[in-house]
Amino acid sequence: MPTNRPVRVRFAPSPTGELHVGNIRTALFDWAYARHTGGTFIFRIEDTDTERVTDEYIQKAIDTLKWLGMDWDEGPEVGGPNGPYLQSQRLDIYAEWAAKFLAQGDAYHCYCSAEELEAVREAQRKANVAPGYNGHCRSLTPEQVTGYVADGRKPVVRMRMPDGETIFTDLIRGEVKFDHNFVPDFVLVRADGSPLYTLAVAVDDVLMQVTHVLRGEDLLSSTPRQIRVYQAMGVKDDEYPLFAHLPFVMGQDNAKLSKRNGETSISWYREAGYLPEAICNYLALLGWSPGEDRENVTMKELAELFTVERVHSSPARFDMKKLEAINGDKIRALTPEEFFTWSLPFLVNGGVHSGGEGDVALTKAALPIIQERITKLSEIPALLNFLFVKDFAVEAESLAKISDDDSKKILGLAHDRLADLGEWSHAKIEEVLRAALIEELGLKPRIAFGAVRIAVTGSHISPPLFESMELLGKEKSLERIASVR
RNA sequence: GGCCCCGUCGUCUAGCGGCCUAGGACUCUGGCUUCUCAAGCCAGCUACGAGGGUUCGAAUCCCUUCGGGGCUACCA
């Protein structure tokens with residue numbers, strides 16, 4: 001076990017779509033472990049499946065990691081001594097190793113067609129035996145090979161799985177054992193010469209001197225194959241990387257999280273106004289916990305606290321409600337300046353204002369009164385729109401609530417008293433309104449202020465009324481009250 | 001079907017043989033506070049899948065069983 005080597009961890013997604021929540025959780029643990037140990041974090045793109053991986057998704061994966069605050073030491077954009085970090089640019093390396101395996105007799109050419117293999121599997125299913133390659137081409141005679149070649153068959157390269165078993169210690173699950181009777185000979189290179197995941201991961205992990213493989217649980221059963229490649233490469237067994245198979249992130253319906261059972265793409269969360277630190281904090285809690293009833297951690301703290309020993313072996317359900325709660329906590333913890341920086345794009349993109357000097361000043365003044373009332377940044381436009389809107393109008397539903405005579409009376413009095421007010425501050429506004437509506441008219445605050453709130457903000461839900469009126473200004477406030485009195 | 005992994009409140013988890021009549025967080029319910037909405041505070045609901053062992057003593061160890069999931073590709 002490479003315990004005395006400096007830690008090198010890699011996150012190696014196959015961008016066949018946008019990185020989803022599960023991928024991100026894996027990346028986060030990889031990153032946190034590398035940072036915790038002072039090791040190296042490698043970002044590698046596994047794009048051997050050219051049918052499904054696209055440049056667009058690769059770029060998105062890069063952007064996503066950056067946005068979330070996970071920096072890498074080797075990989076796309078930053079390079080490194082073990083590059084290239086796109087498997088599609090390492091094809092010659094895989095070809096070399098495949099040739100070596102062939103020469104050593106660890107691997108062999110297999111001429112079986114897809115149909116033939118399917119027929120074998122079908123028969124195995126019927127006979128109720130373990131499915132897998134039957135070893136048909138393991139020891140072909142030169143004549144047989146000539147025959148296949150003459151038929152125009154193109155061979156794949158298949159790894160020979162010797163009898164016996166593979167035992168390894170998973171850092172999370174303990175000792176795991178696979179009998180080779182259930183690990184059939186597997187394909188390393190397609191008939192067209194392109195490498196398969198099984199070849200590429202193993203070769204790259206060895207060449208990039210990866211010491212710890214933290215990856216999804218779905219890859220657990222492919223580990224014996226990976227170890228087989230190490231052996232063929234001549235890696236000593238005490239130099240294999242250590243494996244840690246992370247539990248799944250599940251959707252509401254108990255199946256692996258996917259588009260069908262929840263929002264999985266990070267861009268969705270980004271647009272909805274989730275903070276990267278909230279996403280990472282929440283995801284860190286899925287399958288890991290710092291203990292001692294601790295839940296709130298920053299990225300920095302995560303790096304300090306994260307250990308593989310505290311990672312769970314059981315899968316976790318994704319819960320949007322909890323994410324929202326954490327997001328709200330993180331938003332409240334923002335400094336005014338940070339909160340402004342995060343908010344501005346939502347205001348501008350939401351069409352509330354264009355980000356001009358005056359808009360910015362008013363925004364900065366208004367943000368403090370809403371910071372503790374939101375759980376997502378996307379809620380900001382609706383809350384502050386009344387301050388900026390050009391052609392103000394009370395929403396129909398709310399308008400009905402202030403169309404009765406009692407409301408007219410409230411608004412009329414409020415308008416008159418406010419018109420006489422000299423110092424337009426929220427404290428003074430409240431003082432005047434309380435004197436007039438609560439004491440003089442004897443109304444309940446929620447009734448009296450409710451009417452004014454609708455008149456001024458256009459909605460029965462708004463930031464605190466008096467602060468809102470101060471921000472809106474005397475002229476506009478009176479104008480709005482007058483228009484519905 | 002076969003192989004492998006997993007199993008504490010609705011959810012995320014603490015727990016690693018006695019501190020557990022099982023703790024925290026989110027959700028939900030009720031209350032307080034209150035100009036709406038939040039925030040904050042208080043209270044409540046609800047869990048060791050089941051059955052056997054081992055032990056003075058088990059959520060913690062062992063076995064069985066049931067349940068969930070993954071893999072079983074010239075996907076990763």
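To find a chain, count down the sequence lines: A is the first, B the second, and so on, and within it residues start at 1. Below, each value reflects all heavy atoms present in this structure, side chains not excepted, and no hydrogens, waters or symmetry copies.
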Neighbour count above 12 (heavy atom, 6.0 Å) for A:K408 NZ: yes
Integer angstrom distance from the C1' of B:C63 to that of B:G23: 30 Å
Residue pair A:W97 / A:P195, side-chain heavy-atom distance below 4.5 Å: no
Value in whole Å for how far the C1' atom of B:G70 lies from CG of A:L246: 14 Å
Mutual orientation of the aromatic rings belonging to A:Y274 and A:Y269 [parallel < 30°, tilted 30-60°, perpendicular > 60°]: perpendicular
B:C35 base / A:R446 side chain donor-acceptor hit below 3.5 Å: no
Side chains of A:F243 and A:L171 in contact at under 4.5 Å (non-hydrogen atoms): no
Check: A:L437 main-chain N/O paired with A:E440 side-chain donor or acceptor under 3.5 Å: no
Residue matched to B:C66 through Watson-Crick or wobble contacts both under 3.5 angstrom: B:G7
B:U29 to B:C9 separation - C1' atoms, rounded to the nearest Å: 15 Å
P-based separation of B:C16 from B:U54 [nearest Å]: 24 Å
Nearest-nucleotide 5' precedence on RNA chain B, A:F182 against A:Y282: A:F182
Sugar-phosphate only, base, or nothing, as touched by A:P247 at under 4.0 Å among non-hydrogen atoms: nothing
For atom CD1 of A:I370 and atom P of B:C35, their distance in whole Å: 21 Å
B:U65 versus B:C5 - spacing of their P atoms, nearest Å: 16 Å
Pairs where residues 85-100 of chain A contributes a residue and the test salt bridge (charged side-chain N to carboxylate O under 4.0 Å, His left out) is met, not counting sequence neighbours: A:R90-A:D204
A:S221 vs B:G70: side-chain N/O to OP1/OP2 distance below 4.0 Å: no
Basic-acidic side-chain contact under 4.0 Å: A:R125, A:E118: yes
Rounded P spacing from B:U60 to B:C3 in Å: 26 Å
Identity of whatever pairs with B:C16 - Watson-Crick or G-U, under 3.5 angstrom: none
Rounded distance (Å) that lies between atom C1' of B:C37 and atom CZ of A:R453: 8 Å
Please list, pair by pair, any protein nitrogen or oxygen found under 3.5 Å from a nitrogen or oxygen in nucleotides 5-9 of chain B.
{"unit_1": "B:C5", "atom_1": "O2'", "unit_2": "A:R173", "atom_2": "NH1", "d": "2.4"}
{"unit_1": "B:C5", "atom_1": "O2'", "unit_2": "A:E217", "atom_2": "OE2", "d": "3.3"}

A:L334 backbone acceptor or donor facing A:Q371 side chain under 3.5 Å: yes
Complementary nucleotide for B:U36 - Watson-Crick or wobble, under 3.5 Å: none
Partner nucleotide of B:G44 by Watson-Crick or wobble geometry (both distances under 3.5 Å): B:C28
Nucleotide B:A39, atom P - distance to CD1 of A:I461 in whole Å: 13 Å
Span that lies between the C1' atom of B:A76 and that of B:G18, in whole angstrom: 47 Å
Base paired to B:G2 (Watson-Crick or G-U; both N/O distances under 3.5 angstrom): B:C71
Selection from B:U36, B:C35, B:U11 that lies nearest to any side-chain heavy atom of A:D319: B:U11
Protein-nucleotide distance (A:E324, atom CD; B:A38, atom P), rounded to Å: 13 Å
base_contact_polar (B:C37 base, A:R373 side chain, donor-acceptor, <3.5 Å): yes
Separation between the P atoms of B:G40 and B:C45, rounded to whole Å: 22 Å
Proximity of A:Y282 and A:F318 rings by center, below 6.0 Å: yes
Mate of B:U55 where both pairing distances stay under 3.5 Å, Watson-Crick or G-U: none
Validation row, ring centre A:F11 to ring centre A:W31 under 6.0 Å: no
B:U36 and B:A47, which share atom name C1', separated by this distance in whole Å: 38 Å
Between protein and nucleotides 74-76 of chain B, what N or O pairs are separated by less than 3.5 Å?
{"unit_1": "B:C74", "atom_1": "O2", "unit_2": "A:A191", "atom_2": "N", "d": "3.1"}
{"unit_1": "B:C75", "atom_1": "OP1", "unit_2": "A:R190", "atom_2": "NE", "d": "3.4"}
{"unit_1": "B:C75", "atom_1": "OP2", "unit_2": "A:R190", "atom_2": "NE", "d": "2.7"}
{"unit_1": "B:C75", "atom_1": "OP2", "unit_2": "A:R190", "atom_2": "NH2", "d": "2.7"}
{"unit_1": "B:C75", "atom_1": "O2'", "unit_2": "A:D49", "atom_2": "OD2", "d": "2.4"}
{"unit_1": "B:C75", "atom_1": "O2'", "unit_2": "A:R52", "atom_2": "NH1", "d": "2.4"}
{"unit_1": "B:A76", "atom_1": "OP1", "unit_2": "A:T48", "atom_2": "OG1", "d": "2.7"}
{"unit_1": "B:A76", "atom_1": "OP2", "unit_2": "A:Y197", "atom_2": "N", "d": "3.0"}
{"unit_1": "B:A76", "atom_1": "N6", "unit_2": "A:R225", "atom_2": "NH2", "d": "3.2"}

Pairing of A:E301 and A:R294 as salt bridge, 4.0 angstrom limit: yes
Side-chain N or O of A:R317 closer than 4.0 Å to phosphate OP1/OP2 of B:U27: no
